[in-house]
Each structure stands twice: as structure tokens, then as C-alpha cells.
Participant: 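First, the structure itself, so that you have it in front of you.
Chain A is the first sequence line, chain B the second, and so forth, proteins listed ahead of strands; every chain is numbered from 1. All values below come from the heavy atoms of this structure, side chains included, with hydrogens, waters and symmetry mates left out.
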Amino acid sequence: IIQTHGLGNFKTLVKEIGKSSSMLKYLNGFENTKDKPNENYARELFELFTLGVNNGYNQKDVENTARALTGYNKCEKDHSPIEFDPKTFDKSNKTIFGRTGNWDHDDVIDLLFEKRKKKIAHFIAAKFYRYFISPNEDANIIYHLSKTLIKKNWEMAPMLEQLLSSGHFFDNATMGSIIKSPFDLFGSFINETSFIYSSSELDVIDYVDYITKTLGQELLNPIGVEGWQGDRAWVDGSTIGARWQGMGRIATDMYNFRDDPFVDFAKTLTKNSKDPNKITRVIVDYFLCKPLDNKDAYETAVDVFKGGVPDNYYINKIWTLEWNTSAYQVLQLIRHIIRMPEFQLK
Amino acid sequence: MNNHHTSHFENIKLDTEHDKEHLKWNRRTFLQMLGLAGGGTMMLGGSNITAASATPLNIALSESENDKIIILIRLKGGNDGLNTIVPLYDYDTYARKRPTLRFPKNKLYKLSNDFGISSSLSPLQSLWGDGKMKVAHGVGYPNQNLSHYTSADIWATGDLTTRSSVGVMGKYFEGVYPDFIVNPPKDPAAIQIGDTDNLLFEGPDTNYSFSLSSPKQLASIAKSGWLHDPEDVPPCTYGDQVKFMRTVVNSTLKYAESINKAKVPYRIIQEVVLLSS
């Protein structure tokens, strides 16, 4: 459902996911019967998925919604799809958002999206904003995004297109505001370089899966119903050390597998420059979203890149990227860059 | 007296025979700027010995409460040993084997009857005269490996087979601090500046040095207690996030506080910074 509707229609997504066996099990819809109502999904539907905490609903709405969501309780045997059973469905009237009737699941969603249109649009637009732009919400931009979402009848792609092609998205002022998730960290490194980890793609996936789990992001298994908190929750004094080790390890493993991509990388980016200062700066700036504010940091990086090769080889312009030390030098520079505070931002 | 707070280029006395040399960074200027030697001038072999002048570095070292400090300075690259400590006991063979490279006798200072140092090391002469210098000559190994990285490993580990990745100092500290990981010392066992992949302080399980990439970084920690300035950020969300990240990174530096509070005069570190820029 998520793959099908993830960038499709948000209302459809919400409608379908509430009836999916996985969700019914996960948030106890499966146990929600007319005799023993369970409010868990009703609450999360409003609080986490569409409106936000206490934003346009009250306890009565939750209770009545729970009753309207009953009936999805039939399951022939373990792991069979869960089906609707009118026998366990609460057929009485429920008052939700001020409207009374014998509402069922789909009715609830229709009501929700009709009576709470603006709040839902704002809620979702803000989520997209925080995910793609910055943890600091820009009310004006979010307002316009929410209008688009409503205008396009809950189709998410147009809103996202508007956001990603906007001047705001490319505005330097907002760049680099997001702290990379563990997956961002490793995924973007793999994408942005052509380094090879292993001849088997599965090995890479295994490694990324393992390391992101260590860093608090088990792929496809968020930490809780609300999802990963993200932003500064990703990083503290101990996870930063694990990030460095994980990145250092993958870079070194890639180098040990094939080191010529490291040289090619530098040559391509710098057009085969012989100047260690230029090479360093270009590579540093390539990995960071903004040039470093602290100019001393470039000098330090140059020293790291120059490494064990004595200075006279650079001064006399003898050294080039053709040297058999250059792959290692690029590796050392990368191992240095990944430890920069700014490297954690995107 | 040398003013160490100006550019090192201004302080070099031009030598008619090696002017171009002076303008480049080289070992001689390095030694001068260290301030370990006095402002010695070119002299012909065997004459006056000048006392080391009181430079800030000398003063600080002499004021140090702890006299068990070793400063290891590693100059990268191959050194011509025979032209550094020249064998006066068989000068003729030396001269014959090096028709173009040899130092004429009048460009050598006598350390003893058997050895002389080249004129390019004249700043060290006063140290020798004060009895503050020792020379271990003939240090090396046969069939020297010409790769800088491999040779560096050999020097750090003492292992000609290059199989070991445990440094000489790493081995030493392993004995001094058997519990290093669980029970680290209050102050760093060693501070390593630059060449952070060098194996010298690498032990079997851990590296024993507090490792920095540059003297400027050490200066930053000594002066302010941090490696990355948490305040100097642009006024925007990016700046806020950079500040957060820098603060986290700073918090991982176990010895930042100890270094910050140590009684090392900040101006010494300033000198070291000047030295390498």
C-alpha cells in the first residue's frame, strides 16, 4: 500500500491502510469489536497520521470512531487476510466531527477529510517540509503547499513537485538544515561516489542494513508508531562515534576491494589537477552542502591529503594523481571529511 | 632577539650562498624558528660556541614542572645522513665518493674529531656546545624502502617485514597503561599532531595518542577547550545545526579539558602554529 500510494493520493492511502491486515494487527484494529472496542487505531489515525495531537478532535471523536472501525475481526487462520465481519461490527449511530450516522471505516475517512480538510493539508505539508527542507517550518511555504494538496484533491505528487522546483528549495538560506539519517549517511556516500564495496550488491545492502540498525535506524522497522524522530535525535556523543567508525569502515573496505575508483574520482572531479590545495578543496566541497565557514579547516584537510608524501614533491610539482600513493591519499582525505561536523548535514 | 610573532620569512638572515634556499621551507629554517638554537651565524669550523638564547620555547620548557617530556619531531622524507653528520675520520673516502655533493671541510663544524655537522645545521651548534645535544648516527636499515608510507611504517614499528601494525611507542604505553581503554589516564599519554595514520603510538588494541591533524587544532583546544568553534556560525537554521554538530563533536574529545587547563603557555602553541604555516 505504501509503495503504491506513497506518492499518490493521500486520502486513498489512509483509506486503504486502515483496512490492511498489517495495520489491523499492528494497531489493534483486529481486536476492536462492538463488544470490546479498542481505541488505539482511532487515536493514532488522528494524532499521528492526519491531524496532530488534539488538533481538531476530542476524546468522544476517538471513542466513536473506534466503534465505527469495528468489524475487521474475521481471520480464518493465522496469517490469513483479515476480513470484515458484520457480526462484530457496531451498527449503532456514532457522532464524529459533529455528524451522526451509522458510520463505517470508509465513512469515517470521508468525514475526516471533509470536515478537517485544512488541518490535514497543513499537517501533511508540514511533514513534507520538515523531511525535505528544514526542521524549522516556514509557515508561508507550508500554507501554499497545503493549498495545492487540497486543490489537487489529495494527490501528493503535485505538492511535492511544487516544493522541489521552488526557489525556496534552492535557496542557500535553507540548505544544509537537515541532519542526515543513518541511511542518508551511507546511502548518499555510496551514490555520490562510484566506489565499489563488493562484487555482490547483497553485501552492500547487508552492511548498510547492519550499520544503520546500530545507529538507531532499522530499515523498514521504525522505532515506534510515530516513526523515527529524526533531526537531532539521530546524533549524540556516542552515535557520532559510531557514525565515524561506520563511515571509516565502509570507505576503507571499498578501498581494499578496489582502489582505482578513488583515483578516478579525484581525477574526474578535479580534471586531473596536480595541485593538492585545489584537489582537497574540490573534494571537500563536493561532499558538503556548503563551503566551510572555517577556512582553517581547508588547510588542515590539505595537510591530511598531502599525507606521507613530503612537501618538496608538491613544491617542485613532481607529485601527481598518477602516483601510486594517490588512492590512499584520497581515502585518508575522505576519512577526514566524514569526521567534519558539517558532513552530518544535508 | 628573534621576534617569533612575525612571518618567519622576515627573520631569515640572507646568506649569499644559499639565498634561494632560505626563502623555501627547509630544515634549517625550521630549527631556527624552533628557537632551540641561538641566532648563530655562519662560522668557519671549530670556533666560538654561542650559548642558546632565551627564547619563549626554551623558557617554557625550563619552567615545566614535569621534566619527563619527550618531543618527537618527525620530518617527512628521506634525509641524506652522510651529509648531515659527516665522517671526518675518513673524510677522504667521503669526498671521493661524493664529488659533487660533499661539503668542503671549511663548511663543517667539528662536533668531535670524528664527526662534523654541515653548515646548514649551524643553529644546532650552540646546543652541542652547551652539552644539550646528542647524536645517534648511522640509524637506518639495509635496502631502504623507497615508499614514503612503507618506510614510515617501518620506522614506527621497527619491523622490517612490515607485518606489524604496533608502533614502538604503542608497545611502550601498553606496558605503562595496561587498562588504558577502561581506565584511561587523566592526561593524555601522548599528543600526536599531523600524520594521524602514523603507527608510532598504535598499540595492539588502541591508539595511545590524542591525535590532531594540525598544530592549529592543538592551539584551539589549549586556548578555548574546543576543536570546533561552537559560536562562530551563520545566523540561520544551517548555522544552528552546525553549532549542534560541533558541540557534539567537541564533547567526544576526552582530553580537551585536560589540555585546556594544562599550564602550557598559549604562546608556545602559537609558535608551533607559526612554525608550520
Participant: Count the heavy atoms of every other residue, nucleotide or ligand shown that sit under 6.0 Å from CD of A:Glu226, and state whether that count exceeds 12.
Facilitator: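 Check passes, neighbour count above 12.
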Participant: Taking atom CD of A:Glu192 as the centre, report whether more than 12 heavy atoms of other residues, nucleotides or ligands fall under 6.0 Å from it.
Facilitator: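 Yes, because the 6.0 Å sphere around CD of A:Glu192 holds more than 12 heavy atoms from other groups.
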Participant: Do A:Asp303 and B:Ser213 touch side chain to side chain, with heavy atoms closer than 4.5 Å?
Facilitator: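 Heavy-atom side-chain distance check fails, nothing below 4.5 Å.
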Participant: Under 4.5 Å from any heavy atom of chain B, what part of A:Asn324 do you find: side chain, backbone, both or neither?
Facilitator: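 Looking at A:Asn324, nothing touches chain B.
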Participant: Hey, are the side chains of B:Thr237 and A:Pro135 touching, using non-hydrogen atoms and a 4.5 Å cut-off?
Facilitator: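 A side-chain contact exists here, since the closest heavy-atom pair is under 4.5 Å.
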Participant: Is it the side chain or the backbone of A:Asp296 that comes within 4.5 Å of chain B heavy atoms, both, or neither?
Facilitator: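 Just its side chain gets close to chain B.
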Participant: Which region of B:Asp240, side chain (C-beta onward) or backbone (N, CA, C, O), has a non-hydrogen atom less than 4.5 Å from a non-hydrogen atom of chain A, or is it both or neither?
Facilitator: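 Both parts, backbone and side chain.
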Participant: Determine whether more than 12 heavy atoms belonging to other residues, nucleotides or ligands lie under 6.0 Å from atom OH of A:Tyr314.
Facilitator: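 Yes, enclosed.
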Participant: Shortest non-hydrogen contact from A:Lys306 to B:Tyr149?
Facilitator: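 What the structure gives for the nearest pair is O-OH, 4.2 Å.
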Participant: Heavy-atom cut-off 4.5 Å, strictly under: side chain, backbone, both or neither for A:Met340 against chain B?
Facilitator: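 Neither part.
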Participant: Go through it in stages, so that I can follow the logic: the residues are A:Thr300 and B:Lys216, the test is side chain to side chain contact (heavy atoms under 4.5 Å, CB included), and I'd like the CA-CA distance, side-chain angles, deciding distance and then a yes or no.
Facilitator: CA-CA 8 Å; A:Thr300 305; B:Lys216 272 194 184 156; 5.6 Å; no
Participant: Under 6.0 Å from the CG atom of A:Leu164, do we count more than 12 heavy atoms belonging to anything else shown?
Facilitator: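 Yes.
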Participant: Crowded around A:Tyr210 OH? As in, over 12 foreign heavy atoms under 6.0 Å?
Facilitator: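 Atom OH in A:Tyr210 is not crowded, with 12 or fewer foreign heavy atoms closer than 6.0 Å.
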Participant: Which region of A:Val235, side chain (C-beta onward) or backbone (N, CA, C, O), has a non-hydrogen atom less than 4.5 Å from a non-hydrogen atom of chain B, or is it both or neither?
Facilitator: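 Backbone plus side chain of A:Val235, per the 4.5 Å heavy-atom cut-off to chain B.
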Participant: Check whether any side-chain heavy atom of B:His148 sits under 4.5 Å from a side-chain heavy atom of A:Thr325, and report yes or no.
Facilitator: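 The answer is no, as the side chains (C-beta and beyond) never meet within the 4.5 Å cut-off.
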Participant: List the atom of A:Gly237, the atom of B:Val248, and the distance in Å for their closest heavy-atom pair.
Facilitator: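 Heavy-atom minimum between the residues: N-CG1, 4.0 Å.
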Participant: So, do B:Ser214 and A:Glu299 sit near enough that their side-chain heavy atoms are less than 4.5 Å apart?
Facilitator: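 SC-SC contact between B:Ser214 and A:Glu299 ruled out.
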Participant: Roughly how far apart are B:Asp197 CG and A:His336 NE2, rounded to 0.5 Å?
Facilitator: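 These two atoms lie 12.5 Å from each other.
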Participant: For a 4.5 angstrom cut-off between non-hydrogen side-chain atoms, does B:Met245 reach A:Glu342?
Facilitator: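 SC-SC contact between B:Met245 and A:Glu342 ruled out.
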Participant: Measure A:Tyr313 against the heavy atoms of chain B and call it side chain, backbone, both or neither at under 4.5 Å.
Facilitator: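 The side chain, not the backbone.
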Participant: Side chain, backbone, both or neither: which part of B:Ser251 has a non-hydrogen atom closer than 4.5 Å to chain A?
Facilitator: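 Only the side chain of B:Ser251 comes within 4.5 Å of chain A.
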Participant: Are more than 12 heavy atoms from other residues, nucleotides or ligands located less than 6.0 Å from atom NZ of A:Lys317?
Facilitator: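 No, because the 6.0 Å sphere around NZ of A:Lys317 holds 12 heavy atoms or fewer from other groups.
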Participant: Would you mind telling me which of A:Leu345, A:Asn312, A:Thr239 has the largest number of heavy-atom pairs within less than 4.5 Å of chain B?
Facilitator: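 Sorted descending by pairs with chain B, the first entry is A:Leu345.
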Participant: Less than 4.5 Å apart, any side-chain heavy atom of B:Val249 and any of A:Trp244?
Facilitator: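 A side-chain contact under 4.5 Å exists here.
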Participant: For atom OH of A:Tyr131, is the number of surrounding heavy atoms from other residues, nucleotides or ligands below 6.0 Å larger than 12?
Facilitator: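 Open.
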Participant: Going by heavy atoms in the side chains, are B:Thr252 and A:Ile240 under 4.5 Å from each other?
Facilitator: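 B:Thr252 vs A:Ile240: side chains touch.
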Participant: Between B:Tyr238 (side chain) and A:Thr174 (backbone), is there a donor-acceptor pair under 3.5 Å?
Facilitator: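 No, B:Tyr238 side chain to A:Thr174 backbone: no donor-acceptor pair under 3.5 Å.
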Participant: Can you give me the closest heavy-atom contact between A:Ala173 and B:Cys236, atom names plus distance?
Facilitator: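 So the two residues come closest at O-CB, 4.2 Å.
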Participant: Decide if atom OH of A:Tyr143 counts as having more than 12 heavy atoms of other residues, nucleotides or ligands within a radius under 6.0 Å.
Facilitator: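 Check fails, neighbour count at 12 or below.
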Participant: Are the side chains of B:Gln241 and A:Arg232 in contact, using a 4.5 Å heavy-atom criterion?
Facilitator: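 A side-chain contact under 4.5 Å exists here.
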